[in-house]
Chemist: 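If you scroll down you'll find the structure; I have some questions about it.
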Amino acid sequence: MIAMTHAGYVASGWGIALVTLGAYALRTVRRGRTLAAQVPPEERRWS
Amino acid sequence: MTAPHAAPPGRATTSSRGTRVLGALTLAGLVLLLGYALVWSPADIVQKDSVRLMYVHVPTAILAFTACFITTVASAMWLRRRSEGWWVLGGAAAEVGLVFTGICLVTGSIWGRPTWGTYWDWDPRITSTTLLFILLVGYLALRRIDNETGDAAQRGMRGAIVGLLLFPNVMIVHYSVDWWRSLHQKATITRLDPTIEGTMLFTLMLGIVVFGLLFTWLLVHRFRVGWLEERVGATGLDQALVERRAEAGVGVPAGGSA
Amino acid sequence: MEPVVQLHGAVTLLGRFPALAGIDLEVAAGEIVLLRGPNGAGKTTLLRLCAGLLPVARGDVRVLGHDLTDRRQARAVRRRVGLLGHATGLYDELTVADNVRFWGRAAGAAPEDITGAMAACTLDGRLAGLPVVHLSAGQRRRTSLACLLARRPKLWLLDEPHAGLDQDGRDLLDGLVRRAVAAGATVLLASHELDRAEALADRVVTIVGGTTDAAVPPATPAEPLLVP
Amino acid sequence: MFRDATLIAGKDLRVELRSKVTLQQVAPFAILVLILFGVALDPDRGILTRASAGLFWVAVLLCGLLAIQRAFTIEAADGGRDALRLSGLDPAGIFLGKAAAIFVQLAALEGVLAIGVVVMYGTAVTGVVLLLATCLAATAGLAAAGTLYGVLAAGLRVRETLLPILLLPVLAPVLIGATKAFEAALGGAAADGWPWCGLLVTFALLYTTFGTLAFGPLLEES
């Protein structure tokens with residue numbers, strides 16, 4: 001690993017940021033899928 | 001956080017060609033940013049490597065304020081046009097903004113630990129960002145309650161007024177907190193302004209661009225989720241009308257205007 | 001003369017629930033129309049819709065020449081309408097006189113209208129100085145009626161007005177209604193006391209399940225839903 | 001509009017005179033808050049005297065919340081909102097009337113609190129002109145923003161818990177401005193306090209104008 005001071009802080013900071021964003025993105029996309037299934041295709045103007 | 005794989009168009013999802021391209025672009029940018037932020041950009045002489053957190057803290061702060069601005073504009077447009085789209089956009093921007101504000105605060109306090117030795121500091125930016133977080137929580141709480149009334153056009157007034165005031169409030173809070181704290185820190189160099197130039201400046205700019213793309217991608221998806229929630233809600237109305245009229249032993253209104 | 005109240009296919013939502021699901025109704029000037037129907041049929045909602053208090057989800061609604069689908073006109077109607085319902089809008093801490101004076105002056109009534117209204121509702125004696133919180137339901141309703149009288153509305157919307165009134169209270173109410181109609185007002189009332197209400201009304205309209213299109217007048221009332 | 005405002009303010013204040021809620025419940029609460037600060041912050045080490053400006057205004061803020069919630073429970077009593085809509089009163093007048101009534105009650109509470117702070121915290125009062133100006137401007141801001149968010153939260157089921165979280169972050173600048181202006185006045189450097197007073201005046205004007213415009217649609221919707 002590259003010699004780095006405060007490695008723990010940098011890793012945890014970036015780690016938490018990416019994990020939170022990832023989780024939020026997945027949750028949103030999954031919610032989108034379940035909702036999209038209940039709506040007739042023409043209502044979804046983007047696909 | 002992979003961009004949605006090439007789902008066949010038409011399959012029930014909120015992704016589209018546009019979001020897939022945007023998603024791929026964001027991912028590539030993120031990899032590049034991580035390279036620069038963690039490896040290629042130099043450590044700060046004073047703070048050493050903890051400065052690498054700046055590349056996530058500063059962009060998320062900027063995008064948090066942008067989200068509030070979008071919500072205020074969306075609320076203003078809703079007040080003028082009363083169309084559902086603006087109402088959904090207001091909510092989507094606020095929610096994505098809340099996530100970014102949360103990340104900004106967490107990375108800010110982690111970054112503060114090695115530099116100041118404390119997880120919290122009455123630094124004007126941290127204080128006003130925290131108040132911004134609570135303003136967003138309040139706005140979203142109000143919207144959740146407002147969502148219970150069925151008629152989309154009529155119910156959004158409360159949320160729109162608070163939404164309209166969101167960005168002005170953020171600015172007033174930011175200005176007064178800044179003014180309040182600057183009385184105490186006239187000469188000190190706060191850790192947020194280490195001298196930035198060269199690769200550090202480039203990495204920061206890259207960070208702002210990449211997180212901006214991510215923000216947009218999330219906003220588009222969250223908007224579509226909100227839009228679908230409205231559609232599901234709306235279809236419910238016709239169904240409810242049929243059930244209600246069934247009580248009176250009557251079918252769908254013969255001449256009733258749609 | 002254009003009818004005072006004109007509804008066609010009117011739909012109104014209370015939350016997500018379509019309290020009114022297609023109402024067709026016409027009330028001519030000077031007419032007294034009785035709304036009949038089981039609990040939860042939407043009678044109260046219909047009265048509040050005619051008062052311009054609820055948004056029109058679908059269909060068209062015209063009251064006193066105003067199209068209520070347009071919010072500004074809905075607000076303009078309210079000044080010319082009197083709604084007497086379960087809720088009286090009275091301030092408990094204030095006295096009867098204070099309440100009638102407040103609501104009267106709010107509607108721009110002249111002082112003599114206010115004292116006249118209180119006298120007409122036999123409230124000018126000992127009752128006037130009593131805080132509303134100590135009044136019986138019937139007395140509260142008479143005070144609320146006085147507030148309505150002071151505003152001289154063109155359209156009277158009465159939601160079970162006889163409920164809680166004693167014998168002479170009901171005679172008083174019927175007298176005031178007849179006098180108002182003679183003076184050019186129109187009345188739409190909902191009531192379960194059919195004997196008294198039918199004596200007063202010129203015409204009866206039945207509402208079930210939030211609609212006036214009921215195929216057959218309900219022998220047995222439909223499953224009543226809990227609707228305000 | 002101002003005729004309606006005086007009518008509403010008169011009604012609210014008469015309700016208050018009759019029910020004496022602010023006098024018998026909110027005022028003692030104000031004193032209680034001061035005592036709690038005293039108990040919590042160990043009166044001997046002079047913290048209370050130094051922090052009296054900030055503690056005063058936090059107490060005012062908390063009492064303000066109660067006064068605002070009270071102002072709108074009166075309306076919700078017995079179908080009051082429908083009656084208000086039917087009354088033909090100009091919504092802007094209703095807003096100004098209710099804000100004025102809250103302003104008067106808050107001013108009275110601030111009087112009580114001021115005496116409490118001077119007596120209990122031993123604060124020497126200097127720069128009285130700035131103190132009064134700050135009180136006027138801050139209370140106007142509190143009343144205007146409070147009335148706007150009050151009617152907004154009033155129609156909702158969870159209004160007791162929603163109002164604080166909506167209103168207090170918005171009032172943070174008022175708390176900062178008022179405290180700083182008071183500290184300048186009490187610290188003898190009154191000149192530094194006037195810019196903060198300016199902030200309070202702008203805040204009050206902003207919210208009064210916005211409240212007058214937004215009150216109608218808000219009364220309409222909830």
Side-chain angles (χ1 to χ4, degrees), chain C residues 15 44 47-55 71-72 74-95 97-109 129-135 137 140-141 143-144 147-148 150-153 155 157 159 228, chain D residues 1-25 70-98 101 105 154-157 213-222:
Chain C
T44 302
L47 291 176
R48 290 187 69 221
L49 174 67
C50 296
L53 291 171
L54 294 172
R71 313 199 72 73
R72 252 177 304 281
R75 273 195 288 276
V77 156
R78 295 181 190 154
R79 241 179 234 88
R80 306 169 61 204
V81 154
L83 178 65
L84 186 72
H86 316 300
T88 56
L90 301 176
Y91 295 102
D92 286 350
E93 294 87 355
L94 295 182
T95 67
D98 285 337
N99 268 293
V100 181
R101 195 176 306 120
F102 173 74
W103 291 114
R105 281 180 53 210
L130 214 59
V132 164
V133 69
H134 302 315
L135 293 184
R140 283 176 76 96
R141 187 172 293 281
T143 313
S144 181
C147 295
L148 184 143
R151 298 177 60 239
R152 290 180 181 282
L155 172 63
L157 298 164
D159 194 357
Chain D
M1 176 169 79
F2 290 106
R3 187 192 68 86
D4 294 351
T6 38
L7 192 63
I8 287 278
K11 181 262 293 181
D12 270 23
L13 291 175
R14 189 174 298 126
V15 166
E16 173 44 35
L17 284 179
R18 281 267 160 63
S19 62
K20 295 189 178 53
V21 162
T22 307
L23 196 63
Q24 288 167 351
Q25 292 170 21
R70 165 73 185 151
F72 286 96
T73 349
I74 304 172
E75 300 305 341
D78 181 6
R81 299 181 78 82
D82 273 2
L84 267 180
R85 289 188 207 134
L86 283 173
S87 67
L89 283 166
D90 167 21
I94 301 176
F95 171 79
L96 292 173
K98 290 212 78 78
Q105 291 176 59
L156 302 174
R157 295 184 326 284
L213 301 172
F215 198 85
L218 279 172
L219 188 67
E220 190 73 31
E221 300 302 334
S222 37

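The figures that follow rest on heavy atoms only: side chains count, while hydrogens, waters and symmetry mates do not. Each chain gets a letter, A, B and so on, in the order its sequence line appears, and its residues count up from 1.
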Chemist: Let me know which of C/T95, C/D98, C/D92 forms a side-chain hydrogen bond (donor to acceptor under 3.5 Å, both in side chains) with D/R18.
Modeler: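 Answer after filtering C/T95, C/D98, C/D92: C/D98.
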Chemist: Heavy-atom distance under 4.5 Å to chain C: side chain of D/L17, backbone, both or neither?
Modeler: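 Nothing of D/L17, per the 4.5 Å heavy-atom cut-off to chain C.
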Chemist: Mind listing the closest non-hydrogen atom pair of C/G89 and D/A83 along with its distance?
Modeler: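 Looks like CA-CB, 4.0 Å.
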Chemist: Quick check for you: among C/G104, C/G85, C/A87, C/A76, which has the greatest number of heavy-atom pairs under 4.5 Å with chain D?
Modeler: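 Top option by heavy-atom pairs under 4.5 Å: C/A87.
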Chemist: Go through D/D12 and C/Y91 one step at a time and tell me if the side-chain contact (heavy atoms from CB on, under 4.5 Å) criterion holds.
Modeler: CA-CA 10 Å; D/D12 270 23; C/Y91 295 102; 5.9 Å; no
Chemist: Has C/R79 got a side-chain atom pairing as donor or acceptor with D/L89's backbone, closer than 3.5 angstrom?
Modeler: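 Checked: no pair found.
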Chemist: Please state whether the side chain, the backbone, both or neither of C/R105 comes within less than 4.5 Å of a heavy atom of chain D.
Modeler: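 Looking at C/R105, backbone and side chain both touch chain D.
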Chemist: Looking at residues at least two apart in the chain, or sitting in another chain, which of them share a side-chain contact (heavy atoms from CB on, under 4.5 Å) with D/D82?
Modeler: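 Per chain and number, D/D82 pairs via side-chain contact (heavy atoms from CB on, under 4.5 Å) with C/R48, C/L53, D/R85.
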Chemist: Measuring from atom OG of D/S87 to atom CZ of C/R78, what distance do you get when rounded to the nearest 0.5 angstrom?
Modeler: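 Nearest 0.5 Å value for the OG-CZ distance: 9.5 Å.
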Chemist: Counting only non-hydrogen atoms closer than 4.5 Å, does C/R101 touch chain D with its backbone (N, CA, C, O), its side chain (CB onward), both, or neither?
Modeler: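 For C/R101, there is no contact with chain D at all, as no heavy atom is under 4.5 Å.
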Chemist: Answer yes or no: is there a side-chain heavy-atom contact under 4.5 Å between C/E93 and D/V21?
Modeler: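 Answer no - side chains too far apart.
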Chemist: Between C/R80 and chain D, with a heavy-atom cut-off of 4.5 Å, which part of the residue counts as in contact: side chain, backbone, both or neither?
Modeler: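 No part of C/R80 comes within 4.5 Å of chain D.
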Chemist: Can you find a pair of side-chain heavy atoms, one from C/F102 and one from D/I8, that are under 4.5 Å apart?
Modeler: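 Yes, at least one pair of side-chain atoms sits under 4.5 Å.
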Chemist: Applying side-chain hydrogen bond (donor to acceptor under 3.5 Å, both in side chains), can you list everything that pairs with C/R152, at least two apart in sequence or on another chain?
Modeler: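 By the side-chain hydrogen bond (donor to acceptor under 3.5 Å, both in side chains) rule, C/R152 matches C/D113.
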